[in-house]
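So that the names make sense, note that chain A is the first sequence line, chain B the second, and so on, each numbered from 1.
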Number of protein chains: 2
Amino acid sequence: MDTSRRDRILDELPAVCRACEARHGGLCGTLTTTQLAELNRHSSRRTVEAGSELVGQGDDVDHYSNILRGVVKLSKMMSDGRQQIVGLQFAPDFLGRPFHPESALSVEAATDLQLCSFPRTILERMIVAAPSMERGLLNQALKELDEARDWMLTLGRKNANEKVASFLFLIATHYDAEESRTTVFDLPLSRAEIADFLGLTIETVSRQMTKLRKEGVIAIENNRHITVTNMDRLASAAGED
Amino acid sequence: MDTSRRDRILDELPAVCRACEARHGGLCGTLTTTQLAELNRHSSRRTVEAGSELVGQGDDVDHYSNILRGVVKLSKMMSDGRQQIVGLQFAPDFLGRPFHPESALSVEAATDLQLCSFPRTILERMIVAAPSMERGLLNQALKELDEARDWMLTLGRKNANEKVASFLFLIATHYDAEESRTTVFDLPLSRAEIADFLGLTIETVSRQMTKLRKEGVIAIENNRHITVTNMDRLASAAGED
DNA sequence: CGAAAGGTTGACACTGGTCAAGCGGTGTGG
DNA sequence: CCACACCGCTTGACCAGTGTCAACCTTTCG
């Protein structure tokens with residue numbers, strides 16, 4: 001990236017931010033132009049390949065990031081290898097937990113990612129100086145908490161059919177918030193990952209997907225490409241009130 | 001905090017706060033003496049009977065509280081009546097979600113409670129004026145998020161035996177953080193509530209408790225009174241790493 | 001073209017749910 | 001004071017839903 005050019009426009013909105021999808025969402029949405037410029041001086045964009053681990057369970061964290069494109073999965077593993085995905089993050093979510101140098105989670109790229117990363121120390125210094133950022137972080141944490149608790153209901157009280165429908169509904173509404181009658185998208189997770197998200201086995205996930213397909217609620221092409229032909233029926237299969 | 005400084009502060013503290021268990025925990029721990037005095041002017045203590053609902057799913061919230069004594073359960077319900085407890089809160093936790101006038105959860109007294117409550121508007125005004133409170137709220141939200149995600153692993157990937165052991169372990173370590181070899185406590189939840197917390201039925205909870213008793217891991221008196229005779233075996237039954 | 005990885009399908013087993021009966025403590029009315 | 005009913009919990013018998021294991025299919029990629 002061209003550093004000299006970036007320095008020149010320090011007090012304006014950085015060009016790279018002006019075109020950024022995350023500009024008005026996530027953490028950056030809470031920042032003033034000056035703060036954005038300051039953060040941007042230390043930030044770097046990078047791409048990450050699907051499947052790579054960003055941070056391991058128990059690792060030290062030295063960078064925080066905004067997700068510009070792609071899907072990140074957060075997961076926990078037991079000592080015997082059983083795994084549970086405890087969260088999915090989409091652009092423009094913020095990735096990382098300030099003031100906690102050690103991660104309790106494994107953070108992995110579910111799809112190819114584009115990230116905007118900053119060193120831990122820079123961001124923490126900025127947070128202390130700019131309390132408005134703390135509000136942004138609080139809102140993100142509360143959003144994640146809501147999502148986690150919604151998912152606890154799914155994990156604890158829904159059957160396999162409802163779980164799979166809930167997952168498809170989650171992804172569908174995330175890609176097309178309008179909830180139009182028909183929605184098309186590519187699944188960001190493999191069957192094994194969906195199973196780890198739902199607390200099921202891949203066989204059960206597969207069977208329930210087939211069931212939804214045969215019932216005419218969804219169509220499946222190439223395993224990952226899903227067409228929801230009837231959103232209302234998907235929602236009711238998911239047990240949404 | 002060093003002793004001399006604490007003595008100085010004690011002189012100015014409201015009398016009721018000076019004796020308060022929540023003084024150094026939860027939200028109040030982040031406040032200066034002046035802020036505490038301000039908050040205290042608008043706060044009122046009250047007791048709540050076990051079983052009463054503090055806030056219903058979808059209700060408007062007009063008060064926030066600190067828990068001084070007792071256990072609060074947060075739960076979600078599906079339209080057909082299936083229920084999942086998505087969080088337990090103990091003294092000195094803060095109860096409520098600033099700037100969100102509507103609750104997505106039902107909040108209920110699991111045991112008899114003693115609360116210290118403040119009107120919504122007062123607290124929100126203070127938060128705007130005192131960014132340090134936002135840090136306190138962020139930390140509480142992150143703590144709840146960690147707990148929720150730990151529990152997602154339990155709900156999604158543990159069997160009935162491990163779930164019940166995990167619950168007992170959670171309560172035991174909460175009452176006696178030392179993890180001494182033997183721990184005694186009263187369960188704050190009925191069998192039905194434990195089932196709703198674990199995503200099981202009361203019959204399964206009962207059977208697994210009996211199993212742990214027959215294996216000599218715990219002893220049970222009067223249904224609620226539990227003696228953990230071997231913490232290590234309880235931990236390993238819970239699948240703790 | 002062959003091999004590997006990911007996904008589907010079937011047969012069967014087992015865990016946990018369902019339904020029903022019974023136990024034990026507590027509170028109430030005769 | 002006893003008889004009774006009620007509530008929370010336990011236990012048993014049975015069954016359904018999901019996991020396990022194995023075979024096979026499909027897609028991808030060297």
Pick out the pairs of N or O atoms, protein on one side and nucleotides 22-28 of chain C on the other, that lie under 3.5 Å.
none

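- A:Thr173 places a side-chain N or O within 3.5 Å of a backbone atom of A:Phe169 that can act as its donor or acceptor partner.
- For the pair A:Lys163 NZ and D:dG19 C1', the computed distance is 12 Å after rounding to whole Å.
- Neither side chain, B:Ser106 nor B:Gln57, offers a donor N or O lying under 3.5 Å from an acceptor on the other.
- Between the side chains of B:Lys158 and B:Ser166, at least one donor-acceptor pair of N or O atoms lies under 3.5 Å.
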**Verdict with reasoning, B:Phe90 to B:His174, per ring pair (Phe, Tyr, Trp, His ring centres under 6.0 Å)** = CA-CA 9 Å; B:Phe90 301 81; B:His174 224 284; 3.7 Å; yes
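- Distance A:Leu198 CG to D:dG17 C1': 16 Å, rounded to the nearest Å.
- Counting only residues at least two apart or on different chains, the salt bridge (Lys or Arg N to Asp or Glu O under 4.0 Å) pairs with a member in residues 189-205 of chain A are A:Lys73-A:Glu193, A:Asp196-B:Arg157.
- Taking all atoms of both residues into account, the shortest heavy-atom contact from B:Ala172 to B:Phe185 is CB-CE2, 3.5 Å.
- Checked for salt-bridge contact, B:Arg97 and B:Glu144 miss the test: no charged N lies under 4.0 Å from a carboxylate O.
- Using modelled atom types, no side-chain atom of A:Ser103 and backbone atom of A:Val55 make a donor-acceptor pair closer than 3.5 Å.
- Pairs engaging residues 52-70 of chain B under the salt bridge (Lys or Arg N to Asp or Glu O under 4.0 Å) rule: none recorded [sequence neighbours left out].
- Within the structure, side chain to side chain donor-acceptor pair (under 3.5 Å) pairs that include any residue of residues 217-228 of chain A comprise A:Asp186-A:His225 (at least two apart or interchain).
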**Request:** Let me have a per-nucleotide readout for nucleotides 5-20 of chain C, 5' to 3', with B, S or -, counting only protein heavy atoms under 4.0 Å.
**Result:** --SBBBB----SSBB-
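- Contacts of residues 72-80 of chain A with DNA chain C (heavy atom under 4.0 Å): none.
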